[in-house]
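First the structure, in the form of structure tokens, and then the observations on it.
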Amino acid sequence: MQFTSPPNPQQFNERVWALVRQVPRGQVATYGQIALMLPAPNGVELEAYKAYGPRWVGGAMAACPEDVPWQRVINSQGKISERPGAEKQRHLLEEEGIEFVRDRVDLKKFGWHGLDASDEPKQGKLF
DNA sequence: GTTGTGACATCGC
DNA sequence: CGCGATGCCACAA
């Protein structure tokens, strides 16, 4: 990535990618969510990480491999950035079962809670 | 050394 | 609820 990077950008990126790979089909995660889920790198202040974490995630997405469904990573507003091909990715998400309302996704329904919450969504305990 | 910007977040209207 | 404006940290010009 061109702008700011953590002490170990590659390692951080791999972590982000690993998390993104864990995102189940039909669910989406936000940059901030992923940033909060990941621990702050050594030597990085928590405040700084909170402020810049999401952008680091974005930077990781910029260089994410093909096997990483970066499309499932969107901003906290539940929308996709204006990066080239966003429309195409939106279509892919729609095929995954994610509903788009006015270019916006219902994070309440499709928001990914993370692995620590529950690997698989249990019936009745969706939230 | 100052200014601008970034695959974001949050507050305000 | 949706959209606009501001702030966050670090780095390039």
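Note on naming: letters A, B, ... go to the chains in the order of the sequence lines (proteins, then strands), and numbering restarts at 1 for each one.
The NZ atom of Lys108(A) sits 10 Å away from the C1' atom of dC1(C) (whole-angstrom rounding). A straight line from CH2 of Trp56(A) to C1' of dT5(B) spans 17 Å, rounded to a whole angstrom. Look at NZ on Lys50(A): it is 12 Å from P on dC8(C), rounded to the nearest Å. Between Leu107(A) atom CG and dC8(B) atom P the separation is 14 Å, expressed in whole Å. Look at CD1 on Ile80(A): it is 12 Å from P on dC8(B), rounded to the nearest Å.
Glu47(A) comes within contact range of no nucleotide atom at all, as no heavy-atom separation falls under 4.0 Å.
Picking from dC9(C), dA7(B), dA9(B) the nucleotide with the shortest atom distance to the side chain of Ala51(A) gives dC9(C). Listed nucleotides dC9(C), dA9(B), dC3(C) differ in distance to Lys79(A); the shortest reach to its side chain belongs to dC3(C). The nucleotide whose nearest atom lies closest to any side-chain atom of Tyr52(A) is, among dA7(B), dG7(C), dA10(C), dA10(C). Considering only the side chain of Met61(A), dA7(B) comes nearest among dA7(B), dC8(B), dA10(C).
Side-chain N or O atoms of Arg90(A) include none that pairs as donor or acceptor with a backbone N or O of Ile80(A) at under 3.5 Å. With hydrogens and angles ignored, the 3.5 Å screen pairs a side-chain donor or acceptor of Gln22(A) with a backbone N or O of Ala18(A). Between the side chain of Trp17(A) and the backbone N or O of Ala60(A) there is at least one donor-acceptor pair closer than 3.5 Å.
The stretch residues 94-106 of chain A has no heavy atom under 4.0 angstrom from DNA chain B at all.
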